[in-house]
*Asks:* 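Just passing along the structure, written as structure tokens.
Side chains included, hydrogens not; waters and symmetry mates left out as well; all remaining heavy atoms used. Sequence lines set the chain letters: A, B, ... in the order given, protein chains first and strands last, and positions in each chain run from 1.
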Number of protein chains: 2
Amino acid sequence: MRDSDRDIIRNLNLFCDMQPQRFEALLTAAYAQQFPAHVDLIREGEPADFLYVVLEGCVELFSASHGRESSLAIVTPVSTFILAATIKDAPYLMSARTIAPSKLLLMPSGNVREAFDHDPAFARAIVTELATCYRGVVKSMKNLKLRTAIERVGNYIVRLHDKSGHADIVELPFGKRNLASILGMTPENLSRAFGALQSHGILMDGARIEITDRAALEAICKPNPLIDDPRS
Amino acid sequence: MRDSDRDIIRNLNLFCDMQPQRFEALLTAAYAQQFPAHVDLIREGEPADFLYVVLEGCVELFSASHGRESSLAIVTPVSTFILAATIKDAPYLMSARTIAPSKLLLMPSGNVREAFDHDPAFARAIVTELATCYRGVVKSMKNLKLRTAIERVGNYIVRLHDKSGHADIVELPFGKRNLASILGMTPENLSRAFGALQSHGILMDGARIEITDRAALEAICKPNPLIDDPRS
DNA sequence: TTCATACATTGATATTGATCAATCGGCAGT
DNA sequence: ACTGCCGATTGATCAATATCAATGTATGAA
């Protein structure tokens with residue numbers, strides 16, 4: 001593993017307070033690997049052998065049941081995924097695949113649990129991370145149950161706008177097909193939602209979105225910090 | 001607090017491995033209180049002053065935004081709620097109200113965090129509890145995104161049937177209005193779903209449901225352990 | 001008991017979102 | 001450049017769910 005990767009991982013909230021030798025031991029047991037796009041990484045139901053860290057690229061977490069399929073989250077650098085299954089030593093509840101060429105770090109679950117048991121700072125960090133993940137899913141749930149499709153799309157754009165530091169033009173970080181699934185709708189309806197929002201402060205151009213009237217956009221999609229704010 | 005309550009709390013997964021004096025200290029700072037039905041307990045957005053334990057009764061966790069409202073969970077004895085907000089010292093993401101007369105234990109969040117920092121066994125238990133909660137919400141999410149309304153209702157009945165130890169007749173543990181909201185539909189559509197399922201192995205009689213043909217019920221609602229099994 | 005109230009049910013209708021089908025457009029490989 | 005393919009778009013239609021309205025039913029208070 002390259003030193004630059006090492007430093008990036010070391011600076012993640014999850015690892016930054018670990019005892020140095022514990023961290024080294026964990027890294028030694030782990031290995032980084034490069035994957036092409038559209039590769040299946042894990043399948044729901046399988047035992048949680050590894051904790052994953054996305055170093056570069058993009059990973060989709062999804063689930064399928066009886067012919068239907070839906071994305072539950074998209075993980076971008078630098079974050080971990082399937083921490084809960086690793087901690088509980090339980091089967092994965094979601095499948096994962098790359099949606100772009102990606103560099104991932106795989107940490108054997110047993111080593112993670114061992115570090116958890118012997119390093120209080122790491123234990124603390126894991127609890128905070130888990131609580132954050134939990135609150136993230138609760139927010140997704142509220143997004144789905146309390147909003148219409150157009151409101152979900154509008155609020156997604158508002159968040160992009162915020163993340164960009166209120167740039168005039170923002171770009172979708174992945175394909176519309178994936179975005180539609182995350183937002184709980186079909187690609188066709190996502191297209192129509194983008195179309196409808198063009199009379200409410202945005203201008204679409206492929207994957208590029210110009211925000212022409214933020215106030216109008218907010219008026220139609222009614223953002224709510226207890227759903228949208230990633231910090232709260 | 002009554003000794004019987006004390007023992008019940010002590011035997012919860014969350015508290016059973018705590019150091020005795022830590023547990024006593026936590027209990028001393030906490031207080032039990034009786035509430036009537038339909039009382040608001042907390043409102044989303046407020047600071048998480050307490051961790052709650054439901055000793056008796058029934059509590060609904062819900063969220064409202066711009067005129068719409070939806071239940072996210074119903075907590076029955078004996079379990080805790082809003083652990084994540086307590087741990088992160090962050091605002092509640094959900095509101096809570098009693099739906100039946102309830103006895104609750106309120107533990108000041110500061111004391112919980114302090115116990116967490118000084119009692120490794122308690123820390124371990126909290127992580128496991130949080131991971132379980134996280135996986136619970138993920139399952140709810142899959143339930144919502146991958147299933148139709150009728151399938152959600154059918155699987156809810158299947159789970160009730162399992163919990164009862166396959167009794168011929170099971171009873172809804174709370175009102176249909178609340179159930180409809182949990183399952184992401186209107187009360188009218190829940191009624192119609194129950195009606196439709198009567199040709200697929202059940203017989204409704206108010207809050208009582210007779211399971212006449214479990215195989216037929218499963219055929220229509222296609223249970224999936226990675227969504228329905230509370231242990232996985 | 002009676003009344004008032006909230007909940008549940010049922011039917012009619014409206015709305016939302018999904019599906020189906022056709023077309024367009026960009027991008028990779030040859 | 002040409003070709004083939006995949007993703008996005010658009011329109012037409014269908015299915016699922018919500019809403020509205022009316023009625024029925026159980027429950028608790030006076």
Side-chain angles (χ1 to χ4, degrees), chain A residues 36-38 58 60 66-71 74 97-101 143-154 156-157 171-199 202-209 220-221, chain B residues 36-39 58 60 66-71 74 97-101 143-154 156 171-199 202-209 220-221:
Chain A
H38 310 298
C58 199
E60 175 190 16
H66 296 96
R68 273 162 290 203
E69 178 181 312
S70 182
S71 290
I74 290 189
R97 65 166 83 99
T98 57
I99 63 183
N143 196 31
L144 265 183
K145 290 184 85 173
L146 293 170
R147 285 175 168 160
T148 65
I150 288 190
E151 288 170 347
R152 294 198 296 275
V153 176
Y156 183 81
I157 297 172
E171 191 146 355
L172 296 176
F174 37 79
K176 298 186 182 182
R177 182 166 290 273
N178 289 310
L179 180 58
S181 189
I182 283 285
L183 295 177
M185 64 188 76
T186 57
E188 291 95 327
N189 276 327
L190 177 62
S191 250
R192 286 187 258 267
F194 278 137
L197 286 173
Q198 290 196 128
S199 13
I202 71 164
L203 221 147
M204 297 296 303
D205 171 28
R208 240 173 306 280
I209 308 173
I220 200 93
C221 67
Chain B
H38 310 297
V39 165
C58 199
E60 175 190 17
H66 295 96
R68 272 161 291 200
E69 178 181 313
S70 182
S71 289
I74 290 190
R97 65 166 84 99
T98 57
I99 63 182
N143 196 30
L144 265 184
K145 290 184 85 174
L146 293 170
R147 285 176 169 160
T148 66
I150 289 189
E151 288 170 346
R152 294 198 296 276
V153 175
Y156 183 82
E171 191 146 355
L172 296 176
F174 37 79
K176 296 185 183 182
R177 179 167 293 271
N178 289 310
L179 179 58
S181 189
I182 284 284
L183 295 178
M185 65 188 75
T186 58
E188 292 94 326
N189 276 327
L190 177 62
S191 250
R192 286 185 259 265
F194 278 137
L197 286 172
Q198 291 196 129
S199 14
I202 71 164
L203 221 147
M204 298 295 303
D205 171 28
R208 239 173 307 280
I209 308 172
I220 199 91
C221 67

*Asks:* Specify the separation, in whole Å, of atom CG of B:N189 and atom P of C:dG11.
*Replies:*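 Interatomic distance, CG of B:N189 to P of C:dG11: 14 Å.
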*Asks:* Is A:K176 reaching over with its side chain to a backbone N or O of A:G206, donor-acceptor style, under 3.5 angstrom?
*Replies:*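 The answer is yes, because a donor-acceptor pair under 3.5 Å joins these two groups.
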*Asks:* Could you tell me how far apart B:R177 (CZ) and C:dC7 (P) are, to the nearest whole angstrom?
*Replies:*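 From B:R177 CZ to C:dC7 P: 5 Å.
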*Asks:* Between D:dA18 atom P and B:L183 atom CG, what is the distance in whole Å?
*Replies:*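 Roughly 11 Å, once rounded to whole Å.
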*Asks:* Mind checking the CG-CZ spacing from A:L146 to A:R152? Nearest 0.5 Å is all I need.
*Replies:*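 One gets 10.5 Å once the value is rounded to the nearest 0.5 Å.
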*Asks:* Is it true that a side-chain atom of B:S199 and a backbone atom of B:A196 form a donor plus acceptor pair closer than 3.5 Å?
*Replies:*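 Yes, because the side chain of B:S199 sits within donor-acceptor range (under 3.5 Å) of the backbone of B:A196.
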*Asks:* Can you tell me the distance, in whole Å, between the CZ atom of A:R147 and the P atom of C:dT16?
*Replies:*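 Going from CZ in A:R147 over to P in C:dT16 covers 17 Å.
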*Asks:* Let me know, please, whether B:K176 or A:R192 comes out on the 5' side of the other along DNA chain C by nearest nucleotide.
*Replies:*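 First, find each residue's nearest nucleotide; the 5'-ward one identifies B:K176.
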*Asks:* Separation of A:R68 atom CZ from C:dA18 atom P, in whole Å?
*Replies:*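 For the pair A:R68 CZ and C:dA18 P, the rounded distance is 12 Å.
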*Asks:* Please report, rounded to the nearest Å, how far the C1' atom of C:dT16 is from the CD1 atom of A:I150.
*Replies:*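 After rounding, the reported distance stands at 10 Å.
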*Asks:* When the distance from CD of B:E151 to P of D:dA16 is rounded to whole Å, what number comes out?
*Replies:*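 These atoms are roughly 11 Å apart.
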*Asks:* To the nearest Å, how far apart are A:L190 CG and D:dG7 C1'?
*Replies:*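 One finds 12 Å between C1' of D:dG7 and CG of A:L190, rounded.
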*Asks:* With heavy atoms under 4.0 Å as the rule, sort A:G175 into base, sugar-phosphate or nothing.
*Replies:*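 If one applies the 4.0 Å heavy-atom cut-off, A:G175 turns out to touch the sugar-phosphate alone, with no base involved.
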*Asks:* Between B:E60 (side chain) and B:S71 (backbone), is there a donor-acceptor pair under 3.5 Å?
*Replies:*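 Here the side-chain-to-backbone pair does not exist.
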*Asks:* Counting only side-chain nitrogens and oxygens, does A:T186 get under 4.0 Å of the OP1 or OP2 atom of C:dA18?
*Replies:*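 So the side-chain polar atoms of A:T186 do come within 4.0 Å of the phosphate oxygens OP1 or OP2 of C:dA18, strictly under.
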*Asks:* Quick one: which of C:dT10, D:dA8, C:dA21 gets closest to the side chain of B:S191?
*Replies:*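 Minimum distance to the B:S191 side chain belongs to C:dT10.
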